[in-house]
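Encoded as structure tokens, the structure appears first; notes follow it.
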There are 2 protein chains.
Amino acid sequence: MDVTILDRLLYIGELFQRDMARAFAGTGFTTARLRVLWTLQHGGPMTQQALAGQLEVTPRNVSGLVDALEASGHVRRAPHPGDRRAVLVELTPAAAKTMTRMQREHAELSAALLDAVAPADRAAVERGVTAIGERLAELVSEAEAAP
Amino acid sequence: MDVTILDRLLYIGELFQRDMARAFAGTGFTTARLRVLWTLQHGGPMTQQALAGQLEVTPRNVSGLVDALEASGHVRRAPHPGDRRAVLVELTPAAAKTMTRMQREHAELSAALLDAVAPADRAAVERGVTAIGERLAELVSEAEAAP
DNA sequence: TATTGTTATACTCTATAACTATA
DNA sequence: TATAGTTATAGAGTATAACAATA
């Protein structure tokens, strides 16, 4: 038992990240900025505090990421109606279109990967990967709870 | 089909990385430095050029990582016999012991995760995850080849 | 002339702490 | 007094380019 199932799972994550980095090299996109856009695509316009919460990152960090994305024309800062301290960060129409396309490509990649699995194994793989994710989440949250 | 298999695979990778970062917070270990130690654990003593190649990172970057790991007592720089330009980077005995323990814990975690899969599904999951990794590697290498 | 590693410089992500404007 | 965001400062990872010593 040299290469474990965990090794294989981590390898998939690494490959994916490497491909993302390569695909966006030179475009000004970075993993951290894409995470912001992805969060806005799924959650809609939100304050920087909300973004910081969802990304599990400090508010200061969000300021920098939003600065960069605003400069590159991917997000806008709009006044928050009802709280003049806060701003609402929202995708620009162009960025929303880009994210929709990325979401479609992501789904297509997922389908292509499942296609590599023997048809008879597919249901088991879906169940198994789900179970592994849930178990890992349990183990991690136990580890975080017990210092 | 809202959460795809790819989403679940990426979630597993994120959880793992988050747990690693948490486990080593405050110890001076970082993901990048652990990768260096892991590479030395598997490949034995090697030059910084070789490390840069295996990590897919610039030689300059390796200099910095090895500096930090040398300062913290995890690696040593030894003269290369036969090439006075190069150095051999090797784990210190203490670090080698730590890495062996980590390798064992890694295997135990892998076993615990496979344990979360229904026994009847296990073989299919191993086959399926392997197939997905191979297909993704193909797709990535095609994407890298065709600019 | 080519290779190994380092110095110099710069950018991104990230964090903490102190501060401003509003609630 | 508490919250939203920013300025200030710092450290880690990463890259490119120029340079020294050695092949």
Side-chain angles (χ1 to χ4, degrees), chain A residues 14 17-18 20-40 43 45-72 74-90, chain B residues 14 17-18 20-40 43 45-72 74-90:
Chain A
E14 275 171 34
Q17 289 198 202
R18 182 143 69 89
M20 286 271 288
R22 183 203 53 72
F24 292 109
T27 67
F29 276 116
T30 63
T31 312
R33 291 175 196 174
L34 278 170
R35 275 221 304 150
V36 173
L37 299 180
W38 199 255
T39 304
L40 291 172
M46 66 184 79
T47 64
Q48 294 189 185
Q49 286 290 332
L51 267 175
Q54 295 221 5
L55 299 171
E56 296 191 86
V57 113
T58 60
R60 178 60 187 92
N61 194 347
V62 172
S63 284
L65 295 170
V66 171
D67 283 350
L69 287 168
E70 200 175 30
S72 60
H74 294 100
V75 306
R76 277 195 327 152
R77 277 180 168 108
H80 187 295
D83 189 342
R84 281 185 298 173
R85 294 170 306 180
V87 298
L88 282 180
V89 183
E90 59 188 21
Chain B
E14 276 171 35
Q17 289 199 204
R18 182 143 69 90
M20 287 270 290
R22 184 202 52 73
F24 292 110
T27 66
F29 277 115
T30 62
T31 312
R33 292 175 195 173
L34 278 170
R35 272 184 80 213
V36 173
L37 299 180
W38 200 254
T39 304
L40 292 171
M46 66 183 80
T47 64
Q48 295 189 182
Q49 285 290 331
L51 266 174
Q54 296 222 3
L55 299 171
E56 296 190 89
V57 115
T58 61
R60 178 59 187 91
N61 194 349
V62 172
S63 284
L65 294 170
V66 171
D67 283 349
L69 287 168
E70 199 175 31
S72 59
H74 294 100
V75 307
R76 276 195 328 152
R77 278 181 166 105
H80 187 295
D83 188 342
R84 280 185 299 171
R85 294 170 304 179
V87 298
L88 282 180
V89 184
E90 60 188 20

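Lettering of chains follows the sequences in order, A, B, ..., and the numbering in each one begins at 1. All of these numbers come straight from a predicted model, not from anything done at the bench.
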Pairwise distance [atom1]([X]) to [atom2]([Y]) - rounded to 0.5 angstrom:
X: B:Asn61; Y: B:Gln48; atom1: CG; atom2: CD; value: 11.0 Å
X: B:Arg33; Y: B:Leu65; atom1: CZ; atom2: CG; value: 7.0 Å
X: A:Thr39; Y: A:Leu51; atom1: OG1; atom2: CG; value: 6.5 Å
X: B:Gln49; Y: B:Arg85; atom1: CD; atom2: CZ; value: 9.0 Å

Which residues in residues 75-86 of chain A have a heavy atom closer than 4.0 Å to any atom of DNA chain D?
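Going residue by residue through residues 75-86 of chain A, the ones with a heavy atom under 4.0 Å of DNA chain D turn out to be A:Arg77, A:Arg85, A:Ala86.
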Of the residues in residues 49-68 of chain B, which ones touch DNA chain D at a heavy-atom distance under 4.0 Å?
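Correct list: B:Val57, B:Thr58, B:Arg60, B:Asn61, B:Leu65.
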Rounded to the Å, how far apart are [X] [atom1] and [N] [atom2]?
X: B:Phe24; N: D:dA12; atom1: CZ; atom2: C1'; result: 17 Å
X: A:Arg33; N: C:dC11; atom1: CZ; atom2: P; result: 12 Å
X: A:Gln48; N: C:dT20; atom1: CD; atom2: P; result: 19 Å

Heavy-atom check, side chain of A:Leu40 versus side chain of A:Glu90, under 4.5 Å:
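The answer is no, as the side chains (C-beta and beyond) never meet within the 4.5 Å cut-off.
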Taking the side chain as every heavy atom from C-beta outward, state whether A:Leu88 and A:Thr47 have any pair of such atoms under 4.5 Å apart.
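Yes, close enough: below the 4.5 Å cut-off.
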Once you measure the plane-to-plane angle for B:His74 and B:Phe29, does it fall in the parallel (<30°), tilted (30-60°) or perpendicular (>60°) bin?
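Ring orientation, 0 to 90° scale: tilted.
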Flag, side chain of A:Arg35 to backbone of A:Leu55, donor-acceptor distance under 3.5 Å
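At least one qualifying donor-acceptor pair exists.
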Look at all strands and tell whether B:Thr31 reaches a base, only sugar-phosphate, or nothing, counting heavy atoms closer than 4.0 Å.
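If one applies the 4.0 Å heavy-atom cut-off, B:Thr31 turns out to touch nothing in the nucleic acid.
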